[in-house]
Amino acid sequence: RVETENGQIWEADACIVTLPLGVLKRHHTKLFDPPLDASKQEALQRAAVGSLNSLVVQWNRPICDEDTSAYYFLPVQHEDAFSSSTLKPMSNNPLSHGFICSGLFRTGDPTITQFHFSGSLFTSTGNSTNGVDRNEDMRQYWSRHAVEVVQHVLAMKSNNNNTSSEALCPDTNSCHPTGNIVDESDIVDLLWSDWVHDPDILGSYSSAATETNGNADRQILARSSGSSLFFAGEH
């Protein structure tokens with residue numbers, strides 16, 4: 001028997017539970033009557049939920065080269081590569097590790113880029129807490145940081161090709177947006193996730209914690225309760 005929040009009741013011979021791990025961890029004591037057995041509850045307590053989020057940005061021109069799937073900054077290169085340029089290190093940029101050319105290898109669109117960032121940037125209200133100006137909305141916040149990362153990538157590509165931004169775009173007003181310069185006006189659209197605070201998910205993926213008992217806990221979580229309650233999904 002399943003009863004929804006609005007009081008609707010469903011009765012069947014069996015039930016398959018496919019709730020995300022984050023929801024099971026937080027709400028299992030409220031969801032099941034009688035409660036889950038002790039071993040399953042303990043396995044839920046030991047299980048971990050990841051907090052990785054994505055920012056997808058569409059630009060008004062190709063950003064990714066056709067033979068490139070991603071651009072990443074290695075820590076040493078990140079600090080040293082632009083020491084003699086006007087670009088500042090991106091130590092306070094939550095997207096500073098680089099981005100994936102997801103549009104290129106999924107749909108052949110080189111204008112779509114995907115960044116990853118930690119869900120710890122968000123509070124329970126979904127607002128960023130890491131260096132965001134309270135007068136700056138989230139779209140402006142992510143646009144600003146995405147532009148900074150892409151500008152670093154374009155500068156690195158220019159340096160590797162021994163081509164200056166002035167040579168690529170001697171007259172910014174006439175050749176922008178095809179030159180080696182990007183700004184927030186070049187962003188067509190952007191979307192970001194906040195899986196940790198989505199009440200229907202409460203986490204981006206299941207993962208092992210230091211106290212997790214490896215595959216044994218996964219088997220416990222997947223084990224049915226009696227002959228009518230079954231568990232499936234990413235446990």
Side-chain angles (χ1 to χ4, degrees), residues 1-56 69-76 78 93-102 105-106 113-130 191-235:
R1 170 174 168 156
V2 176
E3 184 174 350
T4 65
E5 289 182 343
N6 61 11
Q8 188 173 7
I9 296 175
W10 302 80
E11 294 187 350
D13 295 331
C15 176
I16 301 176
V17 179
T18 60
L19 294 170
L21 180 60
V23 175
L24 282 174
K25 279 178 63 69
R26 183 174 298 183
H27 299 302
H28 69 86
T29 57
K30 303 176 184 177
L31 292 173
F32 299 97
D33 184 17
L36 298 175
D37 64 76
S39 63
K40 195 178 288 285
Q41 291 191 47
E42 291 168 359
L44 282 171
Q45 291 176 353
R46 291 190 295 267
V49 180
S51 62
L52 190 67
N53 282 294
S54 292
L55 169 71
V56 178
S69 60
Y71 294 94
Y72 288 121
F73 292 106
L74 298 177
V76 174
H78 170 68
N93 189 322
L95 311 176
S96 61
H97 58 275
F99 57 86
I100 300 173
C101 300
S102 56
F105 64 77
R106 288 178 179 168
T113 56
Q114 181 177 355
F115 304 80
H116 291 123
F117 62 93
S118 171
S120 62
L121 287 167
F122 291 116
T123 65
S124 59
T125 59
N127 294 320
S128 176
T129 60
N130 186 7
L191 297 170
W192 61 90
S193 64
D194 182 13
W195 302 122
V196 173
H197 298 108
D198 186 319
D200 296 324
I201 300 176
L202 298 177
S204 53
Y205 55 90
S206 62
S207 62
T210 53
E211 62 270 23
T212 302
N213 293 332
N215 193 50
D217 275 353
R218 291 184 178 271
Q219 292 179 354
I220 293 173
L221 293 174
R223 189 174 62 204
S224 61
S225 296
S227 59
S228 59
L229 188 60
F230 301 90
F231 291 83
E234 191 196 12
H235 304 144

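All heavy atoms count here, side chains included; hydrogens, waters and symmetry mates do not. Keep in mind that this is a model prediction, so the values were computed, not measured.
One N or O on the side chain of T212 and one on the backbone of R46 form a donor-acceptor pair closer than 3.5 Å.
With a 4.5 Å cut-off on side-chain heavy atoms, V49 and K25 count as touching. For the pair L19/F231, no side-chain contact is recorded, criterion being any heavy-atom separation below 4.5 Å from C-beta on.
The two residues S204 and W195 come nearest to each other via the heavy atoms CB-CD1, 3.5 Å. Closest of all the heavy-atom pairs between V23 and P199 is CG2-O, 3.9 Å. Between A14 and F230, the shortest heavy-atom contact is CB-CE1, 3.9 Å. Taking all atoms of both residues into account, the shortest heavy-atom contact from I16 to A232 is CG2-CB, 4.2 Å.
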Quiz item: Yes or no on side-chain contact (heavy atoms from CB on, under 4.5 Å) for W192 and N53, after CA distance, side-chain angles and deciding distance?
Solution: CA-CA 7 Å; W192 61 90; N53 282 294; over 6 Å; no
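Under the side-chain contact (heavy atoms from CB on, under 4.5 Å) criterion, N215 pairs with R218, Q219, not counting sequence neighbours. For F115, the ring-ring contact (aromatic ring centres under 6.0 Å, His included) criterion is met by F99, not counting sequence neighbours. Remark: S54 pairs with Q114, H116, S193 by the side-chain contact (heavy atoms from CB on, under 4.5 Å) rule, at least two apart or across chains. For T4, the side chain to side chain donor-acceptor pair (under 3.5 Å) test picks out N6, with sequence neighbours left out. Evaluation of the side-chain contact (heavy atoms from CB on, under 4.5 Å) rule for E5 yields no partner, not counting sequence neighbours.
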Review item, side-chain donor-acceptor pairs of residues 30-44, under 3.5 Å, at least two apart:
| unit_1 | atom_1 | unit_2 | atom_2 | d |
| --- | --- | --- | --- | --- |
| D37 | OD1 | S39 | N | 3.1 |
| D37 | OD1 | S39 | OG | 2.4 |
| D37 | OD1 | K40 | N | 3.0 |
| S39 | OG | R223 | NH2 | 2.6 |
| K40 | NZ | I220 | O | 2.8 |
| K40 | NZ | L221 | O | 3.0 |
| K40 | NZ | R223 | O | 2.7 |
| Q41 | NE2 | L36 | O | 2.7 |

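Sparse packing is recorded around CZ of R26, with 12 or fewer heavy atoms of other residues, nucleotides or ligands lying under 6.0 Å away.
Note: L21 CG to L202 CG = 10.0 Å, rounded to the nearest 0.5 Å. One finds the CZ atom of F117 at 10.0 Å from the OG atom of S51 (value rounded to the nearest 0.5 Å).
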